[in-house]
Structures are given as structure tokens and as C-alpha cells.
Peer 1: 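For reference, the structure I am asking about is given below.
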Amino acid sequence: MTLSLNVQDIALKKGHKLLVSNVNLTATSGDAISLTGANGVGKTTFLRCLAGFTPPHRGSIQLVENDSQLDGVSIIENYSHYLGHAEALNPARRVDQELQFHCDYLGGTDLSLREAIARLRLGALLDLETRMLSAGQRKRVSLARLLMVPRPIWLLDEVLSPLDIAHRALMVDIMQAHLSGGGIMVCAVHDPLPFDTRALHLTRPSLEEIGNA
Amino acid sequence: MLKASLALLKRDIGLSWSRGGGPILAVGFYLTLMAMIPLSLGPETQVLARVAPGLTWLSLALASLLSLERLFERDYEDGLFDILRGGKLPLEAIALIKCLAQWIGTGLILALLTPMVMIILGAPVEAAGLSLVAAVLGSLSFALIGGVGASLSLGSRKGGVLIALLVLPFYVPPVIFGAGLMQAYLTGAPITQALGLLGAYSLFALALCPIATGAALRSALN
Amino acid sequence: MISWLANPERFSRIFTPIRPYVGVAAALMFMWGLYLCFASPEDYQQGDTVRIMYMHVPAAWMAMAVYLIMGIASFFGLIWRHSLADVAAKAAAPIGAAFTALSLLTGSLWGRPMWGTWWEWDGRMTSVLVLFLFYIGYMALHAAIEDETRAAKSTAILAMIGLVNLPVIKFSVDWWNTLHQGASVVRADGPSIAPDMLWPLLVMALAFKLLFVWLWLLRIDTELMARRYRALRARLSFAEEGN
């Protein structure tokens with residue numbers, strides 16, 4: 001199965017402010033895209049738009065599976081994981097409760113849950129309340145759903161930043177395994193990823209483009 | 001989808017018990033209001049018996065407002081909705097489930113206390129069953145309408161008071177029907193009309209509120 | 001037609017020149033209406049007090065009509081995403097609230113000599129009071145959300161649920177009123193209206209409508225200008241920071 005994500009001539013707005021315009025991207029199975037750009041240029045908004053959380057101001061996002069175009073499919077519900085800055089962990093709940101909830105809600109199995117816990121080395125954290133975790137540990141807990149529920153497109157917003165060196169290496173392994181398994185990854189980054197990626201650099205629109213929007 | 005719904009329902013009911021005392025806060029508020037009523041009106045049994053149904057319903061409505069502020073706020077700030085939208089449930093269903101969890105975690109408990117509160121304020125014991133049924137229906141509509149208010153005021157910094165201002169006018173019909181039902185029962189008038197109207201309003205809220213809440217959540221999340 | 005007018009620039013171009021005429025027409029109608037009010041005969045039961053009705057009834061009509069307009073504008077704003085519809089709904093709210101307050105105030109002034117009380121908890125007054133609370137809630141929600149697009153959407157949802165709920169609330173209040181019958185008040189809906197009282201009422205009603213349209217157009221235009229100014233300012237600072 002090959003999958004391809006086609007972004008055509010997207011423009012994004014935040015309120016009345018034009019963030020970026022004329023963004024094009026084609027990513028097929030095995031592609032890793034690193035998304036770069038200055039603060040506030042719209043990297044997060046772009047990822048959220050790919051996930052389908054916010055409609056683009058202009059342009060289209062299409063998903064093609066084995067040469068047939070998938071119309072009217074919600075990308076986030078079926079094909080992708082979006083991991084933002086917020087880990088969505090309730091401070092009053094334990095790690096195992098939150099993981100079980102993510103797994104049940106998104107349609108994972110108990111086996112996949114156990115495998116994800118083992119792979120991300122979360123075993124020791126399971127009976128802690130999430131408020132007791134460090135930033136890196138929280139990030140690892142939230143990463144578990146990438147493994148629990150297999151979906152081809154990963155939309156990741158700066159996921160490596162809070163991790164320590166050992167876990168960064170682990171996560172890079174996981175990413176590479178995902179890509180060699182035919183996955184697609186779009187990752188907003190400040191530091192370049194330690195493997196081959198294609199870069200997509202977002203820049204502010206010119207005054208002319210702002211005027212036309 | 002059923003598995004996802006149950007998982008969310010279970011999580012939210014669990015949270016309503018653990019976060020900040022949960023129903024204890026609403027129950028405490030309800031009982032405090034009950035204690036304040038004779039203290040402000042005087043302890044004459046006749047006066048109290050006459051105002052008991054109305055004031056109980058008012059207290060129930062006010063106590064139902066309490067935990068609404070946190071119904072979506074916490075999950076909104078934590079980014080949980082990013083995960084919730086990654087599942088198969090539409091936002092309308094998510095809204096409905098969260099409101100039901102709010103009802104089970106708070107409103108239903110207040111409803112269970114309502115017969116006791118009415119009896120302490122001087123209503124006859126025979127009215128207990130009817131007041132329970134009415135309070136269950138009423139608190140359901142309070143939770144559903146409350147969800148609309150909570151979702152509309154998401155992200156504004158005046159949460160609590162704003163929700164009360166938005167929601168209370170919509171609490172007018174259930175309060176009227178609920179208190180009127182008890183009034184009718186106590187004066188020996190037929191009760192079917194009031195009970196029917198109360199039930200109809202709850203069904204109306206059940207049909208309409210999740211749609212409005214879902215739309216408000218969508219607008220808040222975009 | 002609606003889509004064509006929904007362009008803010010076009011709207012301003014067409015209605016800004018018309019606006020002063022609407023204002024003048026409202027003023028003339030008010031002068032004529034007030035003259036008729038005082039020229040019309042006294043009511044054989046109510047005496048001079050009946051003249052309050054020439055203010056009260058049109059204000060009460062407008063209180064309801066403006067909410068309906070707000071609801072319809074919100075519907076257009078929500079479904080077809082016309083930003084002008086959002087502006088129109090937002091602009092109508094304070095005017096509607098003012099008409100509602102005026103009708104409550106004049107009702108109270110009329111009730112004092114007629115019913116012997118400033119406030120009577122009858123079904124009609126109670127419903128109008130709830131309507132006033134709706135307006136307050138609408139404006140409070142608009143003020144509480146900073147992001148304009150979001151505020152427009154949220155208030156539109158509120159206005160529409162309000163519109164659906166108003167008949168239900170009206171019904172419940174009427175039901176409550178019959179439940180608590182026993183007030184010994186002479187009801188306001190007395191004998192059918194005489195022609196020399198109908199004329200001042202109709203002229204005043206028209207004057208109120210013109211006043212509303214004038215104020216509404218004024219507020220829409222002001223809001224559009226404020227938005228243009230904000231967008232321009234954002235664009236300028238954006239241009240300075242970037243590129």
C-alpha cells in the first residue's frame with residue numbers, strides 16, 4: 001500500500017491575519033518532512049490544518065491511496081496522529097489510566113498497549129499520577145499512542161525537544177521504523193532530525209500576498 | 001464507537017469524583033443553601049412548607065451551575081480535544097457524553113438528595129417519590145443546557161459568572177415546571193401536565209443541546 | 001441579493017448615503033407621532049395615562065422584532081459565513097436591549113397608576129424581563145471573547161438557541177402565571193382600540209422602526225470602520241516585523 005499526501009497551494013489565516021500562502025507539499029510513503037520556519041510563522045497551524053482541525057483559508061489537502069483519491073475522508077480520524085505541544089494528560093489521573101483511555105478511545109488493543117509501554121520504557125511510570133512526571137516523561141507517555149494505534153501519517157510538533165539524549169535516540173529509531181514501514185511523517189523542528197528528511201521551510205507572505213488575501 | 005464512548009464516559013465520571021472534591025462541592029453548596037432558607041425566612045413550618053418546592057428547585061438549579069466551568073475548560077487547556085477529535089466520535093457525541101458524565105457525577109447525586117431536602121423543609125414524605133423523578137428529569141436538562149453555556153464561554157476569562165448569566169434564563173422552564181409540579185401535587189391538583197412538560201423539556205434539551213454544544217466546541221477549537 | 005449586499009464595502013457604499021435620510025425620516029415621524037399622541041383624546045378609563053402606551057407598545061414590538069432580526073442575522077452569519085451578518089447581529093443587540101428596557105420602564109410607569117404597583121409579576125412582563133436577560137447574556141458573551149471570529153460564532157449559536165427557546169420560555173411563564181392566578185389586577189388587554197388611538201400608535205410604531213434602522217446602520221458602519229482600522233493596523237505592524 002502506498003499513500004500520498006498532497007497539499008496544494010494552501011494559505012492559512014489566524015483570525016484576520018494571513019500566516020502563510022502558496023504552500024505546496026507532496027509526501028508519499030516513507031517520506032519524512034521537516035517543517036521549519038521562524039517563531040509565529042504558522043508551523044503549528046499548518047500541522048493542525050493537515051490534521052483537519054482547521055480548514056485552510058485557501059487550497060486543498062488530498063490523500064491518495066494506491067492511486068485512488070480518497071475524498072471526504074477525515075484524515076485525523078482514520079489516517080493520522082497529531083501530537084501537539086500539549087500532552088493532554090490530566091494531572092489527577094495515573095499514567096496507566098490515561099494510556100488505557102487513549103488506547104480504548106482511539107481503537108487500540110491491549111496487546112498493542114503493552115507493546116507500546118515496553119517500547120517507550122514506560123513500565124516504571126505506570127502507577128504515578130501524571131502531575132508527578134517531568135516534561136520528558138510526559139512527552140513519552142503521549143508518544144505511546146503513535147505505537148498503540150497504527151496510523152500511517154504522523155503529524156508531530158517539536159516532539160523531540162523535551163526528551164533526553166537516550167530517549168531521543170529511541171524515538172529516532174521508532175520514527176525510522178515507521179518510515180521504513182511505509183509511513184509518512186511531517187515534523188515541526190528547530191534542530192534538524194538526525195536522518196534524511198525533506199525540508200519544508202515556511203516563510204511570511206510578502207506584502208503583496210497580504211494585500212491580495 | 002461504543003468502546004470509545006464508554007471509555008470517555010468512564011474517564012469523565014472518574015474525574016468528576018477525583019477533581020477538586022467533585023460532587024462534594026455541589027452537594028455541600030446545595031445543603032448549605034437548604035440550611036440558609038429557614039435562617040432567612042424564619043422557622044415557621046407553614047411558611048417553609050409553602051416555599052419548600054420552589055426554593056428547592058432554585059437551589060438545585062444553582063448547585064447544578066457550580067462545576068460547569070470545569071466541564072470543558074480543563075480538557076480544552078490540556079489539549080485533550082486533539083486526541084478526542086482523532087477518534088471516530090463527532091464533537092456532538094463527545095459533548096453529549098461529557099454532559100451525561102457531568103450529570104451522573106453531579107446532577108444525579110443532587111437529584112437523589114432532593115426528596116430529603118424537600119422533606120426537611122416541610123414537604124410531606126409522600127411527595128418524595130415524585131420529587132425524585134422530577135429532580136432527575138430537571139437535573140438532566142440542567143446538565144445539558146449547562147454544557148451549551150460552558151462550551152460557549154470556553155476560552156473567555158470570566159468563565160463562571162458568564163456561564164451563570166448565559167444558562168440561567170434557559171433554566172426558567174424546568175424550574176417553573178418542576179416547582180409547579182410539586183405545587184400541584186401538594187394542592188391536590190392533577191400533576192400529569194406539569195410532569196409531561198418537564199419531561200418534554202428534558203427531551204428537547206437532549207435533542208438540541210448536544211448539537212449546539214458541538215458547534216460551540218468546534219468554533220472554540222478551530 | 002443577500003450575498004451581493006454581504007460585501008462590506010458595497011454595503012457601506014450603498015447605505016452610508018441613505019442613512020441621513022432615514023434619520024431625518026425617523027425624526028419627522030417622531031414629531032408627527034408625538035403630536036398625535038397629545039392631540040388624541042383621553043381614554044375614558046385610563047385618562048392621560050393611556051399616552052404611555054404610545055411609547056410602550058411600539059417599544060415592546062421592537063424588543064421582540066430586534067431579537068428576531070438578530071437571530072436571522074446570526075443564522076446567515078453561521079451558515080454562509082457572511083462577516084457582515086455577524087456585524088449586523090452584534091450591532092442590533094444593544095439597540096434591542098434598549099428597546100426592551102424602555103418597554104419594561106414604560107410598562108412599570110403605566111402600571112403604577114393603573115394597577116397600583118410598579119411591578120406586577122404577570123406573564124407578559126416576566127417574559128419581557130427574560131428577553132432582556134437574553135440580550136444581556138448575548139452582549140456579555142460578545143464582550144468576553146476576544147477573538148472576533150470566535151465571538152461571532154459563539155454569540156450566533158447563543159442567539160439561535162435563544163430564538164428556539166423563547167417560545168418555550170414564553171409558554172412556561174404563561175403556564176406559571178395561570179398556576180399562580182389570583183392577582184386582582186385589571187388586565188391590560190382591554191376593549192378593542194378606537195381609531196383615533198390607532199393612528200398615533202401606528203405612526204409611533206413606524207417612527208420606532210425608522211429609529212431602529214437608522215441606529216442599526218450607524219452601528220454597522222461604525223463597526224465596519226473599526227474592523228478596517230484594526231486590520232490595517234495589524235497589517236502595518238506585521239509588515240514592520242517581518243519581511
Side-chain angles (χ1 to χ4, degrees), chain A residues 12-15 44-45 47-49 51-57 73-94 97-110 113 129-131 138 141-142 144-146 148-149 151 153-157, chain B residues 1-25 67 70-98 101-102 105 154-156 214-222:
Chain A
L12 298 173
K13 268 193 169 182
K14 192 166 203 168
T44 299
T45 313
L47 284 176
R48 295 186 68 83
C49 176
F53 291 152
T54 45
H57 173 62
V73 221
S74 166
I75 295 179
I76 187 69
E77 280 169 27
N78 303 288
Y79 290 91
S80 72
H81 279 297
Y82 169 82
L83 257 82
H85 287 277
E87 282 95 6
L89 300 174
N90 191 291
R93 282 166 55 93
R94 291 195 315 269
Q97 288 174 320
E98 287 293 66
L99 287 174
Q100 186 73 52
F101 168 66
H102 292 172
C103 182
D104 289 346
Y105 187 83
L106 295 171
T109 61
D110 284 350
L113 174 62
E129 269 79 23
T130 63
R131 64 172 175 275
R138 294 169 64 83
V141 173
S142 74
R145 66 179 192 267
L146 296 176
M148 284 189 297
V149 185
R151 289 182 179 179
I153 302 171
W154 288 2
L155 307 168
L156 310 175
D157 200 350
Chain B
M1 265 173 89
L2 184 67
K3 197 181 172 194
S5 310
L6 286 177
L8 181 58
L9 189 68
K10 199 175 127 200
R11 173 185 182 276
D12 269 39
I13 293 175
L15 274 176
S16 79
W17 280 96
S18 60
R19 72 185 152 195
I24 295 173
L25 198 69
S67 37
R70 287 169 308 173
L71 181 54
F72 301 114
E73 194 76 49
R74 175 106 241 180
D75 294 339
Y76 175 71
E77 281 164 6
D78 283 352
L80 183 78
F81 279 102
D82 291 347
I83 297 184
L84 295 183
R85 294 174 97 188
K88 298 248 185 273
L89 296 178
L91 276 173
E92 285 76 11
I94 293 170
L96 176 64
I97 292 166
K98 289 184 87 69
Q102 159 83 5
L154 259 187
S156 75
L217 286 176
R218 194 165 287 119
S219 126
L221 292 166
N222 278 355

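So that the names make sense, note that chain A is the first sequence line, chain B the second, and so on, each numbered from 1.
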Peer 1: Under 4.5 Å from any heavy atom of chain B, what part of A/His85 do you find: side chain, backbone, both or neither?
Peer 2: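 Neither; nothing under 4.5 Å.
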
Peer 1: State whether the side chain of A/Tyr82 and the backbone N or O of A/Arg48 hold a donor-acceptor pair below 3.5 Å, judged by distance alone.
Peer 2: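 Answer holds: no.
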
Peer 1: My understanding is that only residues two or more places apart in sequence, or in another chain, count here; which of them pass side-chain contact (heavy atoms from CB on, under 4.5 Å) with B/Ala215?
Peer 2: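 Scan of B/Ala215 (side-chain contact (heavy atoms from CB on, under 4.5 Å), adjacent residues dropped) gives C/Ile157.
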
Peer 1: Side chain from CB out, backbone as N, CA, C, O: work out which of these in B/Leu221 comes under 4.5 Å of a heavy atom of chain A, or both, or neither.
Peer 2: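 Looking at B/Leu221, just its backbone touches chain A.
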
Peer 1: Check each of B/Arg85, B/Arg11, B/Arg70 against B/Asp75 using the salt bridge (Lys or Arg N to Asp or Glu O under 4.0 Å) test, and report the only one that passes.
Peer 2: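 By the salt bridge (Lys or Arg N to Asp or Glu O under 4.0 Å) criterion, B/Asp75 pairs with just one of B/Arg85, B/Arg11, B/Arg70: B/Arg11.
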
Peer 1: By a 4.5 Å heavy-atom criterion (distance strictly below it), what part of B/Leu6 contacts chain A: side chain, backbone, both, or neither?
Peer 2: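 No part of B/Leu6 comes within 4.5 Å of chain A.
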
Peer 1: Heavy-atom cut-off 4.5 Å, strictly under: side chain, backbone, both or neither for A/Glu87 against chain B?
Peer 2: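 Just the backbone, heavy atoms under 4.5 Å.
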
Peer 1: What part of B/Ile94 gets closer than 4.5 Å to chain A, counting heavy atoms only: side chain, backbone, both or neither?
Peer 2: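 For B/Ile94, side-chain heavy atoms alone lie under 4.5 Å from chain A.
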
Peer 1: With a 4.5 Å limit on heavy-atom distance, are the side chains of A/Leu146 and A/Leu83 in contact?
Peer 2: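 Yes, close enough: below the 4.5 Å cut-off.
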
Peer 1: Would you check if B/Asp78 and A/Pro91 make a side-chain contact, meaning some heavy-atom pair closer than 4.5 Å?
Peer 2: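 Result yes, sub-4.5 Å side-chain heavy-atom pair found.
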
